[in-house]
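Notes to accompany the following structure.
Numbers for residues simply follow the sequence, beginning at 1.
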Amino acid sequence: MVKHKKKRNKSYSGKDAAITRPSVTRINAVHRNPAHQWWHDHKRIARPALIAAAIVTVVAVCIYEIVRLSIGA
């Protein structure tokens with residue numbers, strides 16, 4: 001059985017090590033109306049929910065029309 005070499009999980013911090021630059025967070029202050037602010041805060045949840053609701057609505061209308069045509073014929 002071959003003995004595997006242990007992997008190094010500690011970052012090198014000697015004098016030749018790459019310099020880690022500090023991360024900069026930029027914040028912009030924006031005045032939005034209440035509806036746009038709500039959308040900005042909730043779009044990660046609201047967008048998939050609206051897409052799913054639109055798909056369900058289209059499928060329901062298609063099924064309704066197919067049933068209406070089959071009954072009327």
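- V59 and V67 end up in the same hydrophobic cluster when Ile, Leu, Val, Met, Phe, Trp and Tyr side chains are linked at under 4.5 Å.
- Distance alone, capped at 3.5 Å, is enough to place a donor-acceptor pair between the H42 side chain and the W38 backbone.
- Heavy atoms from other residues, nucleotides or ligands lying under 6.0 Å from CZ of R47 number 12 at most.
- The CG atom of L69 lies 10.0 Å from the OH atom of Y64; values are rounded to the nearest 0.5 Å.
- Residue I55 holds its CD1 atom at 11.5 Å from CG of L50, rounded to the nearest 0.5 Å.
- Under the 4.5 Å side-chain heavy-atom criterion for ILVMFWY residues, a single connected hydrophobic cluster contains both I63 and I71.
- Under the 3.5 Å distance criterion, with hydrogens and angles disregarded, no donor-acceptor pair is assigned to the side chains of N33 and Q37.
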